[in-house]
*Asks:* 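I'd like to ask you about the structure that follows.
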Amino acid sequence: VQLQASGGGLVQAGESLRLSCAASGVNDRDYNMAWFRQASGKEREFVALISWRPEFKYYIDSVKGRFTISRDIGLNTVYLQMNSLKPEDTAVYYCARDRQAFSTRVKKNSAEYGSWGQGTLVTVSS
């Protein structure tokens, strides 16, 4: 499967961005999808997950209440709406697909994801 991430850019603190991740695989709807981010000099960090059952979503504490993950099954696209952005949100953001279909676990380890988008840079100035 191929994942194409887009939507990054340069914004000021407090502003919003929406990232998109278009998938091209078969039966993508059967997989959990996640967003990770990697700041300069730091390890890749799990940010949010949306289950193959779209009503289930999971966020790390630092983005709860500010970020919203969603998916459009018909467009085969996952989104990350980011509001009230902070300078510490600055990173390259990656979308990823779980290796396993119909998984019921929240996986925060990047090794458990088999397909990755190319990354899109988000820069938040203070």
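Numbering of residues begins at 1 and proceeds along the displayed sequence.
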*Asks:* Let me confirm one number: the SG-CD distance from Cys21 to Gln4, rounded to the nearest 0.5 Å.
*Replies:* 8.5 Å
*Asks:* What is the distance from atom CG of Leu85 to atom OG1 of Thr90, rounded to the nearest 0.5 Å?
*Replies:*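 Leu85 CG to Thr90 OG1: 8.5 Å, rounded to 0.5 Å.
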*Asks:* Let me confirm one number: the CD1-CD distance from Ile50 to Glu55, rounded to the nearest 0.5 Å.
*Replies:*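 The CD1 atom of Ile50 sits 9.0 Å away from the CD atom of Glu55.
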*Asks:* Looking only at heavy atoms, what is the nearest atom pair of Ser16 and Asn83, with distance?
*Replies:* OG-OD1, 2.9 Å
*Asks:* Thinking salt bridges, do Glu112 and Arg105 make one under a 4.0 Å N-O criterion?
*Replies:* yes
*Asks:* Counting only N and O atoms by type, is there a donor-acceptor contact under 3.5 Å from the side chain of Thr120 to the main-chain atoms of Ser6?
*Replies:* no
*Asks:* Cluster partners of Leu75, using ILVMFWY side-chain heavy atoms under 4.5 angstrom, listed by chain and number?
*Replies:*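 For the cluster that includes Leu75, the remaining residues are Tyr79.
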*Asks:* Where do Ser62 and Arg37 come nearest, in terms of heavy atoms and distance?
*Replies:* OG-NH2, 3.6 Å
*Asks:* What heavy-atom pair brings Gly7 and Leu17 nearest, and what distance separates the two atoms?
*Replies:*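 Of all heavy-atom pairs spanning Gly7 and Leu17, the closest is O-CD2, 3.7 Å.
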*Asks:* Side chain to side chain contact (heavy atoms under 4.5 Å, CB included) for Trp35 and Tyr59? Distances and angles first, verdict last.
*Replies:* CA-CA 10 Å; Trp35 285 95; Tyr59 303 91; over 6 Å; no
*Asks:* What distance separates Tyr113 OH from Arg44 CZ, expressed to the nearest 0.5 Å?
*Replies:*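 That separation rounds to 12.5 Å.
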*Asks:* Under a 3.5 Å distance rule, please check whether Gln118 uses its side chain to pair with a backbone N or O of Ala5 as donor and acceptor.
*Replies:*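 Pair found, side chain donor or acceptor close to backbone of Ala5.
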*Asks:* Please check if the side chain of Ser24 supplies one atom and the backbone of Gln2 the other of a donor-acceptor pair under 3.5 Å.
*Replies:* yes
*Asks:* Where the side chain of Ser103 meets the backbone of Gln100, is there a donor-acceptor pair that is under 3.5 Å apart?
*Replies:* no
*Asks:* How long is the straight-line distance from CZ of Phe67 back to CG of Leu80, given to the nearest 0.5 Å?
*Replies:* 6.0 Å
*Asks:* Give me the ring orientation class for Trp116 and Tyr94: parallel if the planes are under 30° apart, tilted from 30 to 60°, perpendicular past 60°.
*Replies:*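 If you compare the ring of Trp116 with that of Tyr94, the planes turn out perpendicular.
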*Asks:* Does Val122 form a side chain to side chain contact (heavy atoms under 4.5 Å, CB included) with Val124? I'd like the steps, not just the answer.
*Replies:* CA-CA 7 Å; Val122 172; Val124 185; 4.1 Å; yes
*Asks:* Let's go through Asn32 and Phe102 carefully: what are the C-alpha distance in whole Å and the side-chain angles of both, what is the deciding distance for side chain to side chain contact (heavy atoms under 4.5 Å, CB included) to 0.1 Å, and is it a yes or a no?
*Replies:* CA-CA 7 Å; Asn32 292 345; Phe102 305 115; over 6 Å; no
*Asks:* Taking the side chain as everything from C-beta on, heavy atoms only, tell me whether Val78 gets closer than 4.5 Å to Cys95.
*Replies:* no
*Asks:* What pairs of residues pass the side-chain hydrogen bond (donor to acceptor under 3.5 Å, both in side chains) test when at least one of them lies in residues 66-77, not counting sequence neighbours?
*Replies:* Asp28-Asn76, Arg66-Asp89
*Asks:* Do Val92 and Leu10 share a hydrophobic cluster, counting only Ile, Leu, Val, Met, Phe, Trp and Tyr and linking them when any side-chain heavy atoms are less than 4.5 Å apart?
*Replies:* no
*Asks:* Please confirm whether Phe46 and Phe36 have ring centers closer than 6.0 angstrom.
*Replies:*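 Phe46 vs Phe36: aromatic centres under 6.0 Å.
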*Asks:* Treating Lys57 as the side-chain partner and Ile69 as the backbone partner, does any N or O pair qualify as donor plus acceptor under 3.5 Å?
*Replies:* yes
*Asks:* Taking the six-membered ring for Trp and the single ring otherwise, decide whether the centroids of Trp52 and Tyr31 are under 6.0 Å apart.
*Replies:*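 For Trp52 and Tyr31, the ring centres are not under 6.0 Å apart.
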*Asks:* Under the criterion side chain to side chain contact (heavy atoms under 4.5 Å, CB included), I'd like the reasoning laid out for Val63 against Met82: C-alpha separation, chi angles, the key distance, then a yes or no.
*Replies:* CA-CA 8 Å; Val63 307; Met82 306 184 296; over 6 Å; no
*Asks:* Distance from Ser110 atom OG to Glu45 atom CD, nearest 0.5 Å?
*Replies:*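 The OG atom of Ser110 sits 11.5 Å away from the CD atom of Glu45.
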